[in-house]
Enquirer: 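Please find one structure pasted underneath; my questions will follow.
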Number of protein chains: 2
Amino acid sequence: MSNARKGRVDPARSLAILWRTREPASRSAGPGLSVDRIVRAAIEIADAEGIDALTMRRVGEALGAGTMSVYTYVPGKTELLDVMVDTLYGEMSRPVDVPGGWRARLESIARENLRLYRAHPWLLRAETSRPVLGPHLLAKYDYELGAVAGIGLDDVEMDAVLTLVLGHVRSAARAELDVVNLERETGMTDGQWWQSHAPWLEHFMKSGSYPTAARVGTAAGQAHGAAYGPEHAFEWGLQRVLDGISVVIAERRGA
Amino acid sequence: MSNARKGRVDPARSLAILWRTREPASRSAGPGLSVDRIVRAAIEIADAEGIDALTMRRVGEALGAGTMSVYTYVPGKTELLDVMVDTLYGEMSRPVDVPGGWRARLESIARENLRLYRAHPWLLRAETSRPVLGPHLLAKYDYELGAVAGIGLDDVEMDAVLTLVLGHVRSAARAELDVVNLERETGMTDGQWWQSHAPWLEHFMKSGSYPTAARVGTAAGQAHGAAYGPEHAFEWGLQRVLDGISVVIAERRGA
DNA sequence: CTCGGTCCCGTACGCGGTACGGCAGGGAAG
DNA sequence: CTTCCCTGCCGTACCGCGTACGGGACCGAG
């Protein structure tokens, strides 16, 4: 349990790894490790078995190397996670030909970010803490800013728009992943879980308290098993957020 | 590193603890533990020293008891966290006399949730995973639904509105806390950190790539040290979100 | 006084990150 | 070719975590 950024953090060291300021140093003996190979292996492990299965021992093992060999290239697990995250940012799609103005572009960005979270759910846990200024994060930021450039917003507003939209994507992704994790961890489906909790809930709800919660919760639960769900929450919320942004843009245009 | 819900989870057991379905069982000898005392102590530790300092050994110690004594009342750390979270929900302010309609009430709710995150930053890490249906979560949900009841939205929409608003609060709180954590963990202030990274950034940005990111990032950074910041991101985003919601409500009213 | 249940906790296990120090092998210097 | 050192590699060990297990202490009931 944690995810904290432990110990002293040396920015220079971290950034050096992020930006790969280093000679290849090709030696033939041994497993022939490298930051790239380590990061690749780590991402594969996290994708396949979840971030809890990502241990330094496991990474070394996956590369046919000893545990401590990993530390030759990466100062610690924290920095490894940093590089993993930045690497994923680098693999995102960044189409330049999105038609439809700022709204369509923001939608496209939101969807691509959601796709990333779905493909690498552990990102939601790894991203915690401060942003790590890796090269791909910068590229991502630059690209995404392009969606809201030149439509009358000032710099701080552009940044705020992005923060808002990406924050929404994160929230939605988290909700969606929670459902999936729930099933995998407890071994029961969402429906089964609902079933097992239902008696208790009914008991306490029909005791008179929480009338609204009982009704709406049931309605949401019902719909949950049917058509509604995190997917719809993402779409619905995204449209609300974009509507809200459009108000500001309209104001700026009017002024 | 984790926060996962480990092992088999017995809903009945968890719920029993959440709802305190248990006799007081007052014994005079020993430290005289109880779920409440344990939870109280755990919350104090997490508040004062962060969630990483919250270990079962530490909890026992704080109560003048042995580590394993804690397990007499709580099945494991997971459940302890569950109860801690639900306990906090129970301590939230829920004014009934908020004037100004749904918008003012949602604003009030958002602010109260932000206050909670600020008072107990570890909540952001503990809340992960599925919602635990404790009594206070239900009360909270019921109360918050009241803000958007009777204004033309259907049940699923009411739930969606809440999800959206609370998700925004979470995002904003996370951003805000990241800044604070950054300072505590690295021992340097936001400004110092910016300073130490600046050379690198300038170097790579002035190399021609990422022109927009460079400009906006700098602008945001400047403002960051000055007036702008997470606080403003929260307020600005909240108004956007509420604007977006008002569009839907207006539609429903018109129809 | 005995007995059974409840509370308490000492010990120990497995597993995580990682400090430390040694080893080996290849290139550079002689 | 030999020597030396630098660098990649990693075995061992330490500390701290969550928690299973089994035993001891205390209680009220019979």
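Remember, predicted model here, so these are calculated numbers, not experimental data.
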Enquirer: Using atom CE of A/M56 as one end and atom C1' of D/dA13 as the other, report the distance to the nearest whole Å.
Expert: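 Taking CE of A/M56 and C1' of D/dA13, I get 17 Å after rounding.
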Enquirer: For A/L80, which contact category applies under a 4.0 Å heavy-atom criterion: base, sugar-phosphate, or nothing?
Expert: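 The answer is nothing, as A/L80 stays clear of every strand by at least 4.0 Å.
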Enquirer: Would you say the side chain of A/R57 and the base of C/dG17 hold a donor-acceptor pair, judged only by whether the two atoms sit under 3.5 Å apart?
Expert: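 Such a pair is found, so the answer is yes.
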Enquirer: Applying salt bridge (charged side-chain N to carboxylate O under 4.0 Å, His left out) as the test, list every pair that has at least one member in residues 133-144 of chain B; sequence neighbours left out.
Expert: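 Residue pairs passing salt bridge (charged side-chain N to carboxylate O under 4.0 Å, His left out), neighbours aside: B/K140-B/E144.
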Enquirer: Expressed in angstrom and rounded to an integer, what is the separation of B/L81 atom CG from D/dG18 atom P?
Expert: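 Spelled out: CG on B/L81 to P on D/dG18 is 10 Å.
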Enquirer: Using whole Å, what does the distance between atom P of nucleotide C/dG16 and atom CG of A/D52 come to?
Expert: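 Checked: the CG to P distance equals 10 Å.
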Enquirer: Answer with base, sugar-phosphate or nothing: what part of the nucleic acid does A/G60 contact at a heavy-atom distance below 4.0 Å?
Expert: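 Here A/G60 touches no strand at all.
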Enquirer: Not counting sequence neighbours, list each pair that qualifies as a side chain to side chain donor-acceptor pair (under 3.5 Å) and has a residue in residues 40-51 of chain A.
Expert: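 Found A/D47-A/H120, A/D47-A/W122, A/E49-A/R58.
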Enquirer: Classify the side-chain pair B/D36/B/Y73 by whether it contains a donor and acceptor separated by less than 3.5 Å.
Expert: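 B/Y73 and B/D36 do not have a side-chain donor-acceptor pair below 3.5 Å.
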Enquirer: Mind calculating the distance between CD (B/E49) and P (D/dG16) to the nearest angstrom?
Expert: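 Computing the B/E49:CD to D/dG16:P distance gives 15 Å.
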Enquirer: Of the residues in residues 63-71 of chain B, which ones touch DNA chain C at a heavy-atom distance under 4.0 Å?
Expert: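 Those residues are B/A65, B/G66, B/M68, B/S69.
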Enquirer: Taking the side chain of A/K77 as heavy atoms from C-beta outward, which of D/dC9, C/dG17, D/dG18 is closest to it?
Expert: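 Closest of the options to the side chain of A/K77: C/dG17.
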Enquirer: Counting C-beta onward and ignoring hydrogens, is there a side-chain heavy-atom pair between B/F234 and B/R111 closer than 4.5 Å?
Expert: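 Contact flag for B/F234/B/R111 side chains = yes.
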Enquirer: Got a donor-acceptor contact below 3.5 angstrom from the A/R37 side chain to the A/G32 backbone?
Expert: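 It does hold such a pair.
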Enquirer: Counting C-beta onward and ignoring hydrogens, is there a side-chain heavy-atom pair between A/N113 and A/M92 closer than 4.5 Å?
Expert: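 Yes; the side chains approach each other to less than 4.5 Å.
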Enquirer: Rounded off to whole Å, could you give me the CG-to-P distance for the B/L54 and D/dG16 pair?
Expert: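 Nearest whole value for this atom pair: 17 Å.
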Enquirer: What's the CZ-P distance between B/R58 and D/dT19, to the nearest Å?
Expert: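 The answer, rounded to whole Å, is 18 Å.
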